[in-house]
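The block underneath contains the structure these notes are about, expressed in structure tokens.
Computed from heavy atoms alone, side chains included, the values below leave out hydrogens, waters and symmetry copies. Whatever order the structure lists ligands and atoms in, that order sets their numbers, starting from 1. Worth saying up front: this structure is predicted, and the values here are computed from it rather than measured.
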Amino acid sequence: MISRARLIEQIKQKKSFLCVGLDTDIDKIPEFLKDYPDPILEFNKRIIDATKDLCVAYKPNAAFYEAYGIKGLQSLINTWKYLPSECLNIIDAKRGDIGNTSDKYARAFFDEKASGMSFDAITITPYMGNDSVTPYLAYEGKWVILLALTSSVGSKDFQYLQTGDGYLYETVIKKANTWAGADRIMYVVGATKSTEFTNIRKFAPDNFLLVPGVGAQGGSLEDVCRYGITKDCGLIVNASRSIIYASNGMDFAEAARTEAQNIQQQMQAELEKAGVI
Ligand SMILES: O=C(O)c1cc(=O)[nH]c(=O)n1[C@@H]1O[C@H](COP(=O)(O)O)[C@@H](O)[C@H]1O
């Protein structure tokens, strides 16, 4: 279980707020790994070994595992077992359904006895409202990470609609803040939306923001920090493809480390600039 205080302590200790995204694609991993009984797991283990001192979180994306049925789920369970206990382990599942269905999703990702996995945090779509989110919050100490303003081009379709109370994404944040505090809820805000961070901080001054979209999607870490960093850091910045596929040769883990190290060094400078460390 990773509390807010423990997360902040890790960030200060590692001088990093990097999340390594485990969007592991069998078609993109090095050929030689395909001789192993579980190539996806083997890939993940080597990426984790190469990056665990440089990041504070890992985020396996459920789609990349579910695509392979039972075998994929086994890879996900064994990846979860291998994740370092000091890191925040996020399952990027983007679920959202009526309460009794959410109950089962929560069990699938939070209840080790039932499913073999117990992640610290899960990404959730907020569209179905309070009763779709509370089943996850019923698990003491677990985090819910709600999509607020996504990195996608399609974010403009709904998230920027005016509700009479500001943009729809603002309403999501204001409403969800009444469900639980900054010790249980984080929001996803895409790095590609860095100028909106000033606005978001008005409604979520203390919440951690999970920020995907640096690297392959072109978001700027510097801009995210300029507008979004807080005295506790308040940011977890994810990079998936730019780290895990930095090379597709024998040196893939080493290349991933070099890429993670580059980001960590930039993060250290930002943490110093903001007075977090
Ligand atoms: O919830 C997410 O993590 C997420 C939200 C969002 O707005 N944009 C976004 O890219 N993501 C996820 O973040 C990761 C980004 O991967 P890369 O673009 O390869 O770094 C993927 O797993 C996406 O599913």
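- The distance from ligand 1 to the heavy atoms of N238 drops below 4.0 Å at these ligand atoms: 13 (O), 14 (C), 15 (C).
- Shortest contact from atom 19 (O) of ligand 1 to any protein heavy atom: R241 NE, 2.6 Å.
- S115 contributes a side-chain N or O that, together with a main-chain N or O of D111, makes up a donor-acceptor pair within less than 3.5 Å.
- Near S151, with a cut-off below 4.0 Å to any heavy atom, the atoms of ligand 1 are 6 (C), 7 (O), 8 (N), 9 (C), 10 (O).
- With salt bridges taken as basic N to acidic carboxylate O contacts below 4.0 Å, none links D23 and K28.
- A parallel orientation is assigned to the rings of Y167 and Y169, their planes being inclined by less than 30° (bins at 30° and 60°).
- Protein heavy atom in closest approach to atom 15 (C) of ligand 1: Q217 NE2, 3.5 Å.
- Here is the list of ligand 1 atoms found below 4.0 Å of a heavy atom in T150: 7 (O).
- Under the 3.5 Å distance criterion, the side-chain polar atoms of Y58 are left unmatched by any main-chain donor or acceptor of L22.
- F43 and F252 have their aromatic ring centers within a separation under 6.0 angstrom.
- Of the candidates S240, S242, P212, it is P212 that places a heavy atom closest to atom 4 (C) of ligand 1.
- In this structure, atom 2 (C) of ligand 1 lies nearest to the protein heavy atom K94 NZ, 3.3 Å.
- Salt bridge annotation for E31-K34: present, with a cationic side-chain nitrogen under 4.0 angstrom from a carboxylate oxygen.
- Shortest contact from atom 21 (C) of ligand 1 to any protein heavy atom: D23 OD2, 3.0 Å.
- Within ligand 1, the atoms closer than 4.0 Å to a non-hydrogen atom of V188 are 1 (O), 5 (C), 7 (O), numbered from 1 in the order shown.
- Look at K14 and E86 and you find a salt bridge, because one of the NZ, NE, NH1 or NH2 atoms lies within 4.0 Å of a carboxylate O, short of that distance.
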